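Here is the naming used below: chain letters follow the sequence lines, and residue numbers restart at 1 for every chain. Atoms considered below: every heavy atom in the structure, side chains included; atoms not considered: hydrogens, waters and symmetry mates. None of these values were measured; they are calculated from a predicted model.
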Protein chains: 2
Amino acid sequence: MPETARRADRPGDRRPDRRSGNRYGNRPTMKDVAARAGVGLKTVSRVVNGEPGVTPDTERRVQEAIEALGFRRNDSARVLRKGRTASIGLVLEDLADPFYGPLSRAVEEVARAHGALLINGSSAEDPDREQELALALCARRVDGLVIIPAGDDHRYLEPEIRAGVATVFVDRPAGRIDADVVLSDNFGGARDGVAHLIAHGHRRIGFIGDMPRIHTAAERLRGYRAAMEDAGIPVEDAWMSLGGTDPERVRRAAEEMLSGPDPVTAVFTGNNRVTVTVIRVLAALSRPVALVGFDDLELADLLQPGVTVVAQDAAALGRTAAERLFRQLDGTLLAPERIELPTRLVQRGSGEIPPSG
Amino acid sequence: MPETARRADRPGDRRPDRRSGNRYGNRPTMKDVAARAGVGLKTVSRVVNGEPGVTPDTERRVQEAIEALGFRRNDSARVLRKGRTASIGLVLEDLADPFYGPLSRAVEEVARAHGALLINGSSAEDPDREQELALALCARRVDGLVIIPAGDDHRYLEPEIRAGVATVFVDRPAGRIDADVVLSDNFGGARDGVAHLIAHGHRRIGFIGDMPRIHTAAERLRGYRAAMEDAGIPVEDAWMSLGGTDPERVRRAAEEMLSGPDPVTAVFTGNNRVTVTVIRVLAALSRPVALVGFDDLELADLLQPGVTVVAQDAAALGRTAAERLFRQLDGTLLAPERIELPTRLVQRGSGEIPPSG
DNA sequence: CGCGCCGTTGACAACGTTGTCCAGGCTCTA
DNA sequence: TAGAGCCTGGACAACGTTGTCAACGGCGCG
């Protein structure tokens with residue numbers, strides 16, 4: 001009974017819940033490897049971690065035992081002992097949103113360069129779920145958090161940050177705490193986009209965006225207003241829709257501002273989802289209406305006309321945030337900062353259509 | 001220097017590796033909470049885990065102490081004790097690929113329903129990196145793995161599977177081990193797509209796909225060949241390009257098969273990235289060429305003409321795989337199985353163009 | 001030849017939690 | 001009022017790893 005004894009000789013272990021589900025009992029541990037190799041526990045640890053001070057011969061014996069048993073170090077125990085987990089958490093709004101794909105990928109890339117794994121979850125734009133997720137990640141003792149916030153009060157993170165969890169907010173600022181933030185220049189981008197329409201002769205310009213409680217949406221609205229004011233154009237309430245991205249809602253809003261006696265001649269859309277819906281509405285229209293959208297779209301250049309957009313660099317947002325996070329962990333970083341990345345106006349046709357009215 | 005103090009006030013800090021980075025030494029533990037509340041350690045544990053057998057009064061005292069200290073349970077220790085981590089790993093090819101967004105989202109959704117977190121990483125289509133990632137996840141003792149394989153030999157997972165790590169492969173089958181697999185009907189989908197072109201009168205049909213070492217690519221190629229053979233059309237080598245998704249390469253391939261004395265009159269593209277590039281090539285062409293692509297695209301219906309595609313349901317793939325994984329963990333599941341999900345032909349115009357030659 | 005040093009190795013405690021088990025005080029019943 | 005049983009609470013070991021420290025043997029040097 002060489003290794004079957006391994007489990008049999010445990011004392012009174014009446015209802016071993018933890019064993020159920022594991023067909024072959026538990027995994028081998030360093031102790032098992034040590035026994036098999038005829039060495040001490042610590043020697044196995046040294047071999048596994050590539051620490052110096054082990055004879056080539058001993059090392060070989062240990063390696064063989066590891067191989068034979070299929071041993072794999074238990075990182076949970078390691079973390080418990082060492083304090084660092086070499087993993088970071090990413091809380092975002094929706095993994096399936098094409099805007100967040102490149103962003104998470106960039107975060108992952110940086111994490112990988114620092115030897116860390118990425119744990120992520122979607123908040124679905126729900127503040128409670130954001131908090132639940134962020135705290136669950138803290139309970140796992142991630143070394144740091146990258147958060148695309150859904151809520152606007154992050155005081156719940158204060159104990160965590162004090163305890164040393166590096167924290168960076170992306171895309172939207174933190175609420176009621178002082179923390180690193182990486183943003184796009186939402187205000188400036190929107191202002192430039194709207195100014196572009198004005199420069200092409202438009203005065204009656206609609207704005208369809210997300211709910212202003214979302215920071216990016218509010219900033220873009222502010223940019224719209226600023227551009228209009230700079231041009232001395234009074235904005236009419238009927239030109240603005242701020243009710244979220246639900247396609248049906250957006251469709252109605254667009255149709256309304258495009259009908260009536262005095263329709264808008266151009267539309268500025270506040271994010272990619274709104275843009276997609278509005279493109280559909282405009283495609284069904286007989287007269288040409290100018291369009292500039294915030295966020296780029298994959299096939300925007302192939303549509304007729306191509307869609308002019310204010311593009312933000314999602315990958316750069318993620319990369320910048322993650323790099324900042326690791327600088328916090330290095331101790332290289334001092335005060336929290338707010339970093340704003342520029343946007344880029346990409347002219348493709350739809351934004352250069354003159355007023356038709 | 002208000003915030004520089006943030007790091008400065010660390011006490012005698014000789015070489016306590018694990019403490020560095022944490023401003024207040026370590027976090028409070030249950031022991032600290034117990035001391036502050038004037039109760040035993042286990043009582044705190046009971047409160048934290050909502051176990052019965054604690055007086056409301058005691059519970060309140062403990063809760064206050066938890067609040068005051070900002071205590072958060074250390075899940076690493078918990079995992080060490082309990083054996084299950086309530087987290088699953090997802091190894092995919094590229095988080096930024098729009099195909100994998102909905103897939104990971106679906107996996108996450110199912111994980112969440114089972115109270116588990118998702119850890120994920122991209123293999124970048126590199127078998128070594130896939131293995132490295134999968135094993136790192138196993139070292140963290142994830143309860144299960146969902147893998148979109150890059151390599152074709154997964155024997156390295158055998159010890160892990162024996163040790164009880166639930167494993168499901170998605171999108172592509174496992175290599176050299178017997179495991180659960182969830183796939184799209186790549187062969188049938190491609191065959192139907194090509195048959196659709198044939199039904200519209202085409203005989204000279206090009207195929208541009210990814211490298212055949214990738215299972216999905218090989219299957220789609222097989223579908224193309226089958227449809228052609230069913231129709232009694234001999235396939236010419238010049239009609240096929242199997243060299244990967246690099247845009248420049250795809251562009252050249254498309255241009256070649258569309259020029260010459262006997263050009264193809266229709267193209268079947270093997271995945272979304274190829275499709276996008278080919279759309280660009282066709283848009284620059286004067287004569288109409290039919291196109292059917294594998295994988296749907298976000299704005300496919302708005303292009304002129306709309307792009308006919310063989311759509312697969314990425315979310316369903318992810319959901320099915322994750323559900324199967326949790327059934328493995330329940331112990332409900334017995335033998336590994338291969339599940340194939342149907343694809344759907346979406347007619348939008350480009351696939352219904354008749355031959356122009 | 002003896003001393004000290006170095007390189008190798010292992011024993012042991014600790015990380016923070018949970019499962020087991022027992023103690024003490026209470027209520028309930030005969 | 002005594003005994004049985006229940007409820008609450010705490011002491012202790014264990015999970016698998018790593019840091020500390022000490023022991024051991026061999027070697028060089030005085």
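In the set dG16(D), dT18(C), dG16(C), the nucleotide with an atom closest to the side chain of Thr29(B) is dG16(C). Closest to the Thr58(B) side chain, of the nucleotides dT8(D), dC15(D), dT18(C), is dT8(D). Closest to the Arg46(A) side chain, of the nucleotides dT18(C), dG16(C), dT9(C), is dT9(C).
Against DNA chain D, the stretch residues 134-145 of chain B makes no heavy-atom approach under 4.0 Å.
Between Thr55(B) and dC7(D) there is no side-chain N or O to OP1 or OP2 distance below 4.0 Å. For dG16(C), the OP1/OP2 oxygens have no side-chain nitrogen or oxygen of Arg27(B) closer than 4.0 Å. For dT18(C), the OP1/OP2 oxygens have a side-chain nitrogen or oxygen of Arg78(B) closer than 4.0 Å. Residue Asn49(A) has a polar side-chain atom (N or O) positioned under 4.0 Å from OP1 or OP2 of dT18(D). When the side-chain nitrogen and oxygen atoms of Thr43(A) are compared with OP1 and OP2 of dT8(C), none of them lie within a distance under 4.0 Å. Ser76(B) has no side-chain polar atom (N or O) that falls below the 4.0 Å cut-off from OP1 or OP2 of dG16(C). Close to dC21(D), at under 4.0 Å from its OP1 or OP2, lies no side-chain N or O of Lys42(A).
Counting heavy-atom neighbours within 6.0 Å of Glu67(B) CD, excluding the residue itself, gives a total of 12 or less. Enclosure of atom CG in Asp153(B) by more than 12 non-hydrogen atoms of other residues, nucleotides or ligands within 6.0 angstrom is indicated.
Note on Glu160(A) versus Arg27(B): salt bridge recorded, some NZ/NE/NH1/NH2 to OD/OE distance being below 4.0 Å. We find that Glu109(B) and Arg129(A) are joined by a salt bridge, their nearest charged nitrogen and carboxylate oxygen being less than 4.0 Å apart. Under the 4.0 Å criterion applied to side-chain N and carboxylate O atoms, Arg60(A) and Glu64(A) are assigned as salt-bridge partners.
Each end of the helix from dC1(C)-dG30(D) to dA30(C)-dT1(D) gets its own rotation axis from five pairs of C1' atoms, and the angle between them is 50° to the nearest 10 degrees.
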